[in-house]
Novice: 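The structure follows.
Proteins get letters first, then strands, A, B, ... in listed order; numbering begins at 1 in each.
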Protein chains: 2
Amino acid sequence: MRRVTINDIARECQTSKATVSYVINGRYNKVSQEMVEKVEKAVKDLGYVPSLSAKSLAGRESNLIGVIIPQMDVGEKLVFDNPFYSEFLSGLEYYLRKAGCGVVLSVINKHNGFEEMIKKWNLDGAVVFGIDNDKMLDSLGKYRFPVLLIDSYITKTGYHRMNIRDEEACYEATKFLLHGEQEPIALVTGQYEKSGLLQQRVNGYKRALCEAGCEVDLSLIYQGDITHEYGMEAAEKILKRQGVNKILATADILAYGILNQLQNHGRKIPEEYEVMGFDDTYQSRNMYPRVTTVGQNILKRGEKAGELILKIIGGQQVEKENYMDFQIIERDTTR
Amino acid sequence: MRRVTINDIARECQTSKATVSYVINGRYNKVSQEMVEKVEKAVKDLGYVPSLSAKSLAGRESNLIGVIIPQMDVGEKLVFDNPFYSEFLSGLEYYLRKAGCGVVLSVINKHNGFEEMIKKWNLDGAVVFGIDNDKMLDSLGKYRFPVLLIDSYITKTGYHRMNIRDEEACYEATKFLLHGEQEPIALVTGQYEKSGLLQQRVNGYKRALCEAGCEVDLSLIYQGDITHEYGMEAAEKILKRQGVNKILATADILAYGILNQLQNHGRKIPEEYEVMGFDDTYQSRNMYPRVTTVGQNILKRGEKAGELILKIIGGQQVEKENYMDFQIIERDTTR
DNA sequence: TTGTACGCGTTATCAA
DNA sequence: TTGATAACGCGTACAA
């Protein structure tokens with residue numbers, strides 16, 4: 001069965017491609033009412049759907065937004081294993097779908113992969129996750145390519161960004177966990193030298209401790225992969241330390257591992273150990289006990305990202321820095 | 001900064017578009033060695049990346065595979081909230097990316113959405129989830145469009161499918177949970193009249209019970225949404241029944257809800273209640289206790305689906321029915 | 001190896 | 001105001 005093209009519609013209606021194009025794109029002022037109806041009927045009858053390829057080639061825009069996830073580190077396979085991405089994408093995809101845009105997902109692990117992506121798909125813009133070195137971005141500068149940076153602490157100015165106030169969020173979380181007391185809090189986190197985001201969170205943790213008059217014991221900061229396994233590993237170590245009964249993790253997935261290990265050892269949550277996570281991933285609501293965490297409303301952030309990138313592409317005035325709300329979500333792993 | 005096109009390369013190398021095209025597509029036998037090098041250098045220097053739109057328009061293929069998830073029922077927003085899809089997509093995307101194909105994701109909620117999708121993107125083929133009525137597929141028949149059906153129990157023949165043996169898997173699961181005893185097992189599941197897959201699983205459950213000489217008590221089958229919430233709700237009801245201490249869920253997410261509720265009521269797992277899930281979603285390994293479940297190696301299934309759809313598109317001989325392995329994964333929620 | 005028609009829409013220009 | 005003509009965008013593939 002052959003493809004139905006704009007020419008078929010034009011022939012059917014005994015008119016020209018141009019007219020059909022006008023109707024399809026809602027330029028009704030260029031076409032008479034009866035022609036509009038005629039064309040629309042034909043489109044429906046023949047089941048005509050414009051080809052995005054042709055559209056993208058002809059027009060200036062592709063209606064395609066790239067979502068770019070750089071992953072030099074981890075295995076390249078596990079895009080969706082990180083529930084943060086999954087949820088964020090749900091929101092983003094949903095918003096963009098409503099706006100008639102497609103999403104092209106790409107996990108990048110080489111420096112020029114970014115540029116390649118843009119050219120290959122004629123992307124109109126891109127939402128880029130967690131970039132902290134600006135090598136990748138340099139090439140984009142030349143193109144004035146519309147980009148929205150998510151959770152990026154890049155120093156270079158000029159880029160649109162969407163973040164939460166990580167320092168403040170972790171400060172609040174630490175304070176919450178302190179309950180006004182002066183007990184030590186272990187921090188379990190990823191390698192933070194490499195990550196601006198984690199640095200911010202660690203800073204917030206330290207600030208809260210200082211303010212409460214606690215000493216900052218660096219040996220209480222456990223760094224490793226941001227995985228369930230490392231959470232378990234860190235918990236194992238923390239279990240050996242006397243008097244450390246509060247644990248803050250900079251990612252929910254770490255908190256799950258910690259909780260798992262603690263419970264393996266028969267520890268009562270939250271009576272013996274208090275644990276707090278970060279992000280409020282879907283799973284935090286499904287665990288037992290339900291995890292107290294810092295919520296950043298991931299789904300909504302995804303939608304907001306869609307809104308922002310579309311505005312940026314459209315040349316509308318958009319703040320360079322966009323901070324989203326966070327909130328402490330108290331559940332069952334803290335007192 | 002203007003786009004670098006094939007013409008730019010041709011000009012740079014003082015040759016024709018055709019030659020450049022040959023080099024890019026590896027038809028080295030059509031071009032002299034030195035020209036190959038010259039072109040490849042120019043491609044690199046100018047940063048040329050072929051436009052997929054043009055390629056798709058010119059050639060017969062788009063190198064795009066559609067992933068189609070029909071969702072008449074649930075909210076349209078939550079594509080990735082179902083971890084089954086997330087993991088499956090991880091595997092699929094990974095495989096197709098290696099093969100140089102893009103994935104276009106689409107959540108369909110109207111009958112013709114499918115066809116529209118194919119035309120819009122010039123899809124080469126599609127992987128389609130859980131279709132049980134064939135209305136949607138009818139339109140495809142005409143096109144001889146390459147399709148791979150996942151977890152579909154459609155009666156109509158002629159389509160390629162990839163399933164697990166759901167009846168058998170649930171039979172085995174039930175038998176496992178029985179431990180050779182004759183105790184009743186509650187089954188928590190989605191609405192199974194609508195779903196061929198769930199019907200199979202329910203049948204397996206019944207068969208195992210019969211074989212073990214247990215009576216099949218229909219009031220022990222709890223049907224609702226496939227959500228964490230419904231899992232909790234069902235558990236609440238089961239808690240009120242004396243002598244029912246084994247629960248099988250036809251989806252992991254249901255099992256999580258059940259476990260959560262059971263633990264809320266202070267029940268010991270697996271001493272007082274045994275619970276078993278289905279699918280072995282990522283989360284099952286992260287829970288406490290870790291969930292005993294029927295593993296179907298979702299990631300691998302995703303990769304296999306990529307392999308299959310590519311073969312189907314390529315016109316290679318592929319079995320119409322492809323059954324994947326499952327295995328009982330014994331963890332901590334059963335004795 | 002190269003020239004060139006072709007695929008499918010968009011849009012500027014021109015005509016009625 | 002309404003509609004037609006034609007150039008254009010970028011690769012592919014076949015004829016020369």
Novice: Of the nucleotides C/dT10, D/dT2, D/dT12, which has the atom closest to the B/Ser21 side chain?
Specialist: D/dT12
Novice: Would you indicate whether the side-chain heavy atoms of A/Ile68 and A/Phe114 approach each other to under 4.5 Å?
Specialist: yes
Novice: Round to the nearest Å and state the distance from A/Arg27 atom CZ to C/dG9 atom P.
Specialist: 16 Å
Novice: Do A/Ile65 and A/Ile313 come within less than 4.5 Å of each other through their side chains, counting heavy atoms only?
Specialist: yes
Novice: Between C/dG9, D/dA4, D/dG3, which one does the side chain of A/Tyr48 approach most closely?
Specialist: C/dG9
Novice: By nearest nucleotide on DNA chain D, pick out whichever of B/Lys30 and B/Leu57 is the more 5' one.
Specialist: B/Leu57
Novice: So, do A/Met162 and A/Leu308 sit near enough that their side-chain heavy atoms are less than 4.5 Å apart?
Specialist: yes
Novice: Ignoring the backbone of A/Arg3, work out which of C/dT1, C/dC8, D/dG11 is nearest its side chain.
Specialist: C/dC8
Novice: Looking for any heavy atom pair under 4.0 Å, which part of the strands does B/Asn25 touch: base, sugar-phosphate only, or nothing?
Specialist: sugar-phosphate
Novice: Nearest 0.5 Å please: distance from the NZ atom of A/Lys300 over to the CE atom of A/Met324.
Specialist: 8.5 Å
Novice: In whole angstrom, what separates B/Glu61's CD from C/dC8's P?
Specialist: 16 Å
Novice: Given C/dT2, C/dT10, D/dA4, which nucleotide is nearest the side-chain atoms of A/Ser16?
Specialist: D/dA4
Novice: Could you check whether A/Ser56 gets within reach of a base, just the sugar-phosphate, or nothing at all, counting any heavy atom under 4.0 Å?
Specialist: nothing
Novice: Can you check whether B/Leu64 reaches B/Ser56 side chain to side chain, under 4.5 Å on heavy atoms?
Specialist: no
Novice: Take atom CD1 of B/Ile9 and atom P of D/dC10, then tell me their distance rounded to the nearest Å.
Specialist: 12 Å
Novice: Is the NZ atom of B/Lys320 crowded by more than 12 outside heavy atoms at less than 6.0 Å?
Specialist: yes
Novice: Mapping B/Ala58 and B/Gln14 to their closest nucleotides on DNA chain C, which lands nearer the 5' end?
Specialist: B/Gln14
Novice: Could you tell me how far apart B/Ile6 (CD1) and D/dG11 (P) are, to the nearest whole angstrom?
Specialist: 6 Å
Novice: With a non-hydrogen cut-off below 4.0 angstrom, is A/Lys17 in contact with a base, only sugar-phosphate, or nothing?
Specialist: base
Novice: Which whole-number value in Å describes the distance from B/Lys120 NZ to C/dC8 C1'?
Specialist: 16 Å
Novice: Just so I know, are the side chains of B/Val103 and A/Leu105 near enough to count as touching, which here means a heavy-atom distance under 4.5 Å?
Specialist: no
Novice: Atom CG in B/Leu89, atom CG in B/Leu299: separation rounded to 0.5 Å?
Specialist: 10.5 Å
Novice: How many Å lie between CG on A/Asn63 and C1' on C/dT10, as a whole number?
Specialist: 13 Å
Novice: What's the NZ-C1' distance between B/Lys55 and C/dC6, to the nearest Å?
Specialist: 18 Å
Novice: Any base atoms under 4.0 Å from B/Ser51, or only sugar-phosphate, or nothing? Heavy atoms, all strands.
Specialist: sugar-phosphate
Novice: Describe the nucleic acid contact of A/Tyr28 in one word from base, sugar-phosphate, nothing, applying a heavy-atom distance below 4.0 Å.
Specialist: nothing
Novice: Quick check on C/dT2: is either OP1 or OP2 less than 4.0 Å from any side-chain nitrogen or oxygen of B/Thr15?
Specialist: yes
Novice: Can you tell me how far C1' of D/dG9 sits from CG of B/Leu52, to the nearest Å?
Specialist: 15 Å
Novice: Can you tell if the side chain of A/Ile154 reaches within under 4.5 Å of the side chain of A/Arg161, non-hydrogen atoms only?
Specialist: yes
Novice: Would you mind telling me which residue lines up with the more 5' stretch of DNA chain C, B/Ala18 or A/Val49, judged by nearest nucleotide?
Specialist: B/Ala18
Novice: Looking at every strand, decide which applies to A/Val20 at a 4.0 Å heavy-atom threshold: base, sugar-phosphate, or nothing.
Specialist: nothing
Novice: Return no unless some side-chain N or O of A/Thr19 is found under 4.0 Å from OP1 or OP2 of D/dA4.
Specialist: yes
Novice: Given C/dC8, D/dG3, C/dT1, identify the nucleotide with an atom nearest to the side chain of B/Ser32.
Specialist: C/dT1
Novice: Angle between the end axes of the helix from C/dT1-D/dA16 to C/dA16-D/dT1, five pairs per end, to the nearest 10 degrees?
Specialist: 50°
